[in-house]
Amino acid sequence: MSDTIFAKIISREIPAEIVFEDDLCLAFHDVSPQAPTHILVIPKTPIARLADTTDEDQALLGHLLLKTREIAENLGFGDAYRVVINNGEQAGQTVFHLHIHLLAGRPFHWPPG
Ligand code: DGP
């Protein structure tokens, strides 16, 4: 867990285009964007999946969502954006460090597929 690609981004072992950072989280552009704007918001603490969180993570999870909202607003997408968490391999998760996808800048459809 501690040597995922995202842990290396947190420790600056590999570069990323960072848009926000505080004590609890880091946000940076996705290297393989699925929309004109595609940001990943991650906790600095190494949690592999949403499924691994507990009631003790309530404040952290709230913080991540509120920062996601703030980042969307700061980028000018306050009215239309999509927030996604892939949990587990079968749901499309490829990096096992919890992350929120913030996607914006194009229309989104439902169901997401
Ligand atoms: P997921 O499939 O939900 O686990 O999303 C992982 C995302 O991480 C995927 O959209 C691509 C992105 N990603 C993978 N490796 C890197 C990297 O080295 N740098 C950045 N910025 N994003 C990465």
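In listed order, ligands and their atoms are each counted from 1. These numbers come from the heavy atoms of this one structure, side chains and all, not from hydrogens, waters or symmetry mates.
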Subject >> SB check Lys67 Glu73 (cutoff 4.0 Å) >> reply: no

**OP:** State, with a plain yes or no, whether a side-chain heavy atom of Arg49 is found less than 4.5 Å away from one of Leu98.
**Re:** no

**OP:** State, without any angle test, whether His38 and His101 hold a side-chain donor-acceptor pair at a distance under 3.5 Å.
**Re:** yes

Original post:
In this structure, are over 12 heavy atoms from other groups packed under 6.0 Å from Asp22 atom CG?
Top reply: yes

Original post:
For ligand 1, what is the set of protein residues having any non-hydrogen atom at a distance below 4.0 Å?
Top reply: Ile5, Phe6, Ile9, Ile14, Phe28, His29, Asp30, Val31, Leu40, Asn86, Gly92, Gln93, Thr94, Val95, His99, His101

Subject >> Non-neighbouring partners of Glu13 that pass side-chain hydrogen bond (donor to acceptor under 3.5 Å, both in side chains), sequence neighbours left out >> reply: Ser11

Original post:
Does a donor on one side chain sit under 3.5 Å from an acceptor on the other, for Asn86 and His99?
Top reply: no

